[in-house]
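For reference, the structure is listed below as structure tokens.
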2 protein chains.
Amino acid sequence: MTPAPEPGPRWLTESEQDAWYAWRRMFPLVNAEIARDLNQDSGLSEADYDVLSVLGSTDGHRMRISALAELMRWSRSRLSHQLTRMEQRGVVRREEVASDGRGAEVVLTDSGVTMITEAAPLHVESVRRHLLDALAPDQLRTLAEVGEVLRERLGARRKT
Amino acid sequence: MTPAPEPGPRWLTESEQDAWYAWRRMFPLVNAEIARDLNQDSGLSEADYDVLSVLGSTDGHRMRISALAELMRWSRSRLSHQLTRMEQRGVVRREEVASDGRGAEVVLTDSGVTMITEAAPLHVESVRRHLLDALAPDQLRTLAEVGEVLRERLGARRKT
DNA sequence: ATGTGGTTGTTGATGTGTCATCTATAGAAG
DNA sequence: CTTCTATAGATGACACATCAACAACCACAT
């Protein structure tokens, strides 16, 4: 998927290639499995689940839309589209907020609360099955480490 | 993104959570950066690049469509749509194949060859910048290892 | 030759993500 | 109060992925 016809100035070593290929394959593969489970078990997409689970763990099952977007690191646009779809299915509701005429909040409906409550334990099991249980403790630790390193590096780059 | 309101039967330990969060964040984050670079440097999407780079490394810059789909682990449908878009931009061309009346091949146009040739080294640099150069050798090794473990486990599960 | 089943590749519908753009409001400066 | 800029959120156009359905063809049996 990534070897290219004319090697550039500084091509990849074999171990770099291995890591890069693993990186490219791993995530789509595992995530597809988890997403498939989630959809079969609970009828939710990953995006649905993420939104529901954040709202489900907030006080009053509600949050300011922009705050939700920032917390999830989603664009406002993406979230707005997603909420429109979820609102049509009746799992969330939008409400205007008094203190700011522009603002709005999302609120979980009862149906939404039920959904996330039932979906969560199944999802956790699925994550175990497809990822966590497959890996040794030191591999899990390295994953977390790597995540940290990459996040920091990205943050540093952002300021530049 | 994944703590949920009502703990299930077997909730995640702290280190499992760390690994799981890292997993969920890492990939979209890094890939978005790489995709952005690719688009700015070369005007290509990741899908474009993947198709071009495979074709670019084949003999005659051509391949049977179904073989390409299988090699890339894409559905025929996905590839067909992608090829339609790429054909409209003139970077690939479809050709009927004599030996099988159903079949077709994709061929890189000259413009396509130029594109992947110019894009490849920049893309490699980008991958280094955002991923490889940030990680220690043993972290890279663990990534490759983890990829291998997960791939095997998935294969085993498939047969069940 | 004819039917049957499997393969190749395309298509249209639908769901989703991104980008640019828009409206409405907030908030500060004059 | 007006004007200017920033922010919240929605929207429409487009790129992309998935799914189900489809036409055309192959292979092989009868």
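All chains are named by letter (A, B, ...) in the order of the sequence lines, taking the proteins before the strands, and each is independently numbered beginning at 1. This structure is a prediction, so every number in the text was calculated from the model and none was measured.
Taking atom CG of Leu44(A) as the reference point, atom C1' of dG15(C) lies 15 Å away to the nearest angstrom. In this structure, Arg78(A) atom CZ and dG15(C) atom P are separated by 17 Å, rounded to whole Å. With rounding to whole Å, Asp48(B) atom CG is found 10 Å from dA15(D) atom C1'.
Within the structure, a side-chain polar atom (N or O) of Gln82(A) is placed less than 4.0 Å from OP1 or OP2 of dG17(C). Look at Arg36(B) and you won't find any side-chain N or O under 4.0 angstrom from OP1 or OP2 of dT18(C). At dC19(D), none of the side-chain N or O atoms of Ser75(B) fall inside 4.0 Å of OP1 or OP2 (strictly under the cut-off).
The residue among Arg76(A) and His81(A) whose nearest nucleotide of DNA chain D lies closer to the 5′ end is Arg76(A). Mapping Ser80(B) and Ser99(A) onto DNA chain C via the closest heavy atom, the residue that lands nearer the 5' end is Ser80(B).
Here the nucleotide nearest the side chain of Arg85(A), chosen from dT16(C), dA17(D), dG9(C), is dT16(C). Taking every side-chain heavy atom of Arg102(A) into account, dT25(C) is the closest of dT18(C), dT7(C), dT25(C). Comparing atom distances between the Asp100(B) side chain and each of dA17(D), dC16(D), dC26(D) picks out dC26(D) as nearest.
Atom CD of Glu70(B) sits in a sparse spot, with 12 or fewer heavy atoms from other residues, nucleotides or ligands closer than 6.0 Å.
Checking side-chain atoms of Arg153(B) against main-chain N and O of Arg129(A) turns up a donor-acceptor pair under 3.5 Å.
Residue contacts shown for Thr84(A) are absent, as no nucleic acid heavy atom lies under 4.0 Å away. Residue Arg89(B) is out of contact with every strand shown, counting any heavy-atom pair closer than 4.0 Å. Using a 4.0 Å heavy-atom distance criterion, Ser77(B) is classed as a base contact.
By the 4.0 Å N-to-carboxylate-O rule, Glu46(A) lies close enough to Arg24(B) to be salt-bridged with it. The pair Glu16(B)-Arg128(A) meets the salt-bridge criterion, with a side-chain N (NZ, NE, NH1 or NH2) lying under 4.0 Å from an Asp/Glu carboxylate O.
The aromatic ring centres of Phe27(A) and Trp23(A) sit less than 6.0 Å apart.
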